[in-house]
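Reviewing the structure listed below.
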Amino acid sequence: YPDRLNAAADLVDVPAETLGADRPALRTPQGETWTYGELRTRANQVAQVLTEDLGLVPGQRVLLRSPNNPWTVAAWLGVLKAGGVVVTTMAALRARELGPIAERTQPCVALVDHRFADDANAVRDTVLPSMTVITYGGDAPGDLTVRAAAKSGEFTNVATAADDVALLAPTSGSTGIPKLTMHFHRDILSIDNTFGRHTLKLAPDDVVACTAPLAFTFGLGMLVVFTLRAGACALLIEQATPAKLAEIVASEKVTVLATAPTAYKAILRDGLEGKLAGLHKAVSAGEHIPQGTWERLRDSIGLKVIDGIGATEMLHIFIAAAGDDIRPGATGKPVPGFRAAILGPDGSELGPGEPGRLGVIGPVGCRYLDDERQRNYVSGGWNVTGDVFCKDADGYFYYQARSDNMIVSSGYNIGGPEVEAAIDTHPDVLESAVVARPDTERGSVVCAFVVLREGAAADAAKAKEIQDHVKNVLAPYKYPRDVRFTATLPRNASGKLQHFALREIVEK
Ligand code: 3SK
């Protein structure tokens with residue numbers, strides 16, 4: 001990569017100039033279309049608002065909070081153009097989850113979809129008074145959309161260094177304390193030069209849909225990095241059930257779909273796979289896709305889903321299988337540009353058939369912002385993910401399990417201790433323990449074992465009350481779908497909670 005590199009140029013300015021400014025870059029199922037020219041102008045206007053009105057200087061951080069829509073993409077590119085650092089957060093996060101992220105990253109500005117301003121304002125009022133909250137998508141005088149309309153749309157991108165930080169992407173640790181992964185401008189192009197170009201291979205006429213939020217690097221890669229760099233069009237869906245998603249894929253003539261196995265399973269369960277027949281490609285990530293689901297899609301509509309495993313620490317996918325190089329049951333082989341190994345407890349490489357922790361090396365890697373946990377993730381030169389895999393003699397990698405307390409449900413990573421802490425704030429709860437319960441549709445669901453205070457009724461109404469309580473204090477997708485009341489929790493002699501004993505109960 002050249003020393004000076006602003007990734008936004010490769011994602012919007014270059015496609016607009018080389019493939020044509022009139023090509024559609026972004027669409028919504030509601031009928032909105034932004035061309036590459038319009039996206040470039042709006043991203044430039046955002047950069048102008050940030051630098052001219054708000055005084056942003058290169059290196060300062062800007063927090064984004066919104067669902068997937070065109071202004072979010074313009075905001076993302078505008079921050080990069082201005083030399084700022086994007087801090088991505090999901091619209092689903094509550095003030096309790098947003099606060100620690102804002103405190104750690106100290107953004108000077110938050111660009112927030114106007115429908116999700118309350119929690120951002122609460123964070124400003126409680127933990128970060130220096131953060132200016134600017135809404136967008138509304139018509140208030142200070143709204144980003146209104147400010148942007150007053151700008152020329154001409155902006156010279158800040159000449160950032162290839163190794164300047166462009167993105168701080170939070171990832172929920174198993175303890176619930178977010179880690180912030182730092183990614184450079186060159187990392188953004190790296191994921192396209194590896195998975196994008198070698199595995200996904202988008203064409204300019206592709207229409208790409210992805211259900212993952214832009215705040216999750218899976219969604220960011222699919223909808224912004226790979227799509228725009230290929231000059232293709234992203235279909236931005238704010239929210240859709242699997243049935244609605246299948247409907248949209250058919251009606252909007254989507255050619256590439258990326259989602260978690262849960263959605264594919266639900267579409268098959270409801271007999272809606274015919275709606276996916278127009279797809280040229282489909283990507284499954286976030287969790288392992290069961291072999292049966294993969295085979296049913298192949299047998300019913302001839303779709304060979306590209307399975308992949310990635311990590312926010314590695315920005316995107318590093319092991320995948322596509323085309324004819326697919327071995328049933330395996331996730332795949334390292335994407336060109338990456339090496340992977342199975343590591344034993346002492347860090348040595350294990351041989352075929354031996355399960356161990358997955359280690360990865362590639363052009364991107366884990367850099368946590370000021371975090372001791374860096375030592376756990378990067379060891380002996382390997383990025384050691386939280387997954388247990390094994391590989392066969394031909395170099396195909398097979399997923400076995402998570403190695404930590406993380407619960408992966410419908411592709412979302414949920415830290416068990418964080419949910420326990422939220423449950424424990426319910427006035428009738430004495431203590432709780434949370435584990436993953438295997439689930440055919442979602443991979444796993446959060447299952448909570450709850451000890452109530454004396455006198456509290458252990459009934460369905462109380463379970464629902466606890467679920468609603470968690471939805472109020474955490475992002476709703478983290479709530480325990482299964483609540484079980486118990487008199488005591490299993491502990492060892494030194495009083496340590498034995499989650500494995502609860503796992504044995506739910507896995508029976
Ligand atoms: O596999 C995942 O969970 C993942 C994480 C971050 C980025 C991309 C992917 C697929």
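When a ligand or atom number is given, it counts from 1 through the structure's own listing order. Keep in mind the model is a prediction, meaning the values are calculated, not measured.
- To the nearest 0.5 Å, the span separating CE on M314 from OG1 on T194 amounts to 9.5 Å.
- With respect to atom 1 (O) of ligand 1, the closest heavy atom belonging to the protein is G310 N, 2.9 Å.
- Of all the atoms in ligand 1, the ones that sit under 4.0 Å from a non-hydrogen atom of L315 are 7 (C).
- Scanning the protein for heavy atoms near atom 3 (O) of ligand 1, the closest one is G286 CA, 3.5 Å.
- Screening D387, I317, I309 for a side-chain contact (heavy atoms from CB on, under 4.5 Å) involving T331 leaves a single residue, I309.
- Here the CG atom belonging to L358 is positioned 11.0 Å from the SG atom belonging to C390, to the nearest 0.5 angstrom.
- Applying the 4.0 Å criterion to heavy atoms of A285 picks out, from ligand 1, the atoms 10 (C).
- Using a 4.5 Å heavy-atom cutoff, the side chains of L279 and T255 are not in contact.
- Nearest protein neighbour of atom 7 (C) of ligand 1, counting heavy atoms only, is T217 OG1, 3.2 Å.
- Looking at S66 and Y136, their side chains do bring a donor and an acceptor atom within 3.5 Å of each other.
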